[in-house]
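Presented below is the structure to which this report refers.
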Amino acid sequence: MNTTSPPGSPAPPEMAPEQLRRQRLERLLRRLPTRGEQAMRWLLQPGRTWLRAILGCLLIAGGVLSFLPVLGLWMLPLGLILLAEDVPALRRLTARMLEWIERRHPQWMAPKSTP
């Protein structure tokens with residue numbers, strides 16, 4: 001049985017919500033530039049809880065202050081994703097956010113195209 005579905009297609013009903021969230025996050029991480037992907041994977045490893053909490057809060061604060069130069073709204077979802085690893089209440093929010101991204105911007109979840 002194939003559990004991977006193409007971007008934009010509905011999830012198989014037997015897939016658990018946490019598995020689906022992880023799968024979408026994995027596809028989104030693969031789209032990042034190499035250094036960004038490596039940094040996120042390092043941060044998402046177990047044992048980096050305090051670093052994720054601090055960095056997640058700083059990113060959310062930067063997202064809220066997006067009207068300032070250099071800071072932007074891109075910081076808000078990234079901070080939420082980092083905090084959701086350790087705060088179960090945020091997992092549902094990030095799962096919905098990733099689902100929205102998959103529906104609204106399926107190309108963001110597509111595999112990288114080689115130049």
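The figures that follow rest on heavy atoms only: side chains count, while hydrogens, waters and symmetry mates do not. One-based numbering along the sequence shown. What you see is a predicted model; the values in this text were computed from it and never measured.
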Hydrophobic clusters here meaning ILVMFWY residues chained together by side-chain heavy-atom distances under 4.5 Å, can you tell me if [X] and [Y] are in one?
X     : Y     : value
Leu44 : Leu90 : no
Val64 : Phe67 : no
Met75 : Leu93 : no
Leu65 : Leu59 : yes
Trp50 : Leu82 : no

- [ ] Give a yes or no answer on whether the side chain of Arg21 reaches the backbone of Arg92 with a donor-acceptor pair at less than 3.5 Å.
- [x]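 The answer is no, because no donor-acceptor pair under 3.5 Å joins these two groups.
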Task: Flag, side chain of Arg52 to backbone of Gln45, donor-acceptor distance under 3.5 Å - done: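 Yes: the side chain of Arg52 pairs with the backbone of Gln45.
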Gap separating the [atom1] atom of [X] from the [atom2] atom of [Y], nearest 0.5 angstrom:
X     : Y     : atom1 : atom2 : value
Leu98 : Leu80 : CG    : CG    : 10.5 Å
Leu28 : Met40 : CG    : CE    : 8.5 Å
Leu43 : Thr49 : CG    : OG1   : 11.0 Å

Task: Nearest heavy-atom neighbours spanning Arg24 and Glu102 - done: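 Shortest heavy-atom contact: NE-OE1, 2.6 Å.
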Open item on the list: On a heavy-atom basis, which atom in Met97 and which in Ile81 lie closest, and how many Å separate them?
Closed with: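 So the two residues come closest at CE-CG1, 3.7 Å.
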TODO: Run the numbers on Trp108 and Arg27 for side-chain contact (heavy atoms from CB on, under 4.5 Å), then give the verdict.
DONE: CA-CA 8 Å; Trp108 292 2; Arg27 287 197 317 252; over 6 Å; no
- [ ] Would you mind telling me which of Arg48, Arg41, Arg22 makes a salt bridge (charged side-chain N to carboxylate O under 4.0 Å, His left out) with Glu85?
- [x]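 Only one option passes, and that is Arg22.
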Open item on the list: Is there a side-chain contact (heavy atoms from CB on, under 4.5 Å) between Leu25 and Thr94? Walk through the geometry before answering.
Closed with: CA-CA 9 Å; Leu25 181 58; Thr94 58; over 6 Å; no
Task: Pairwise side-chain contact, Ile60 with Leu78, heavy-atom cut-off 4.5 Å (strictly under) - done: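 They are not in contact (no side-chain heavy atoms under 4.5 Å apart), so the answer is no.
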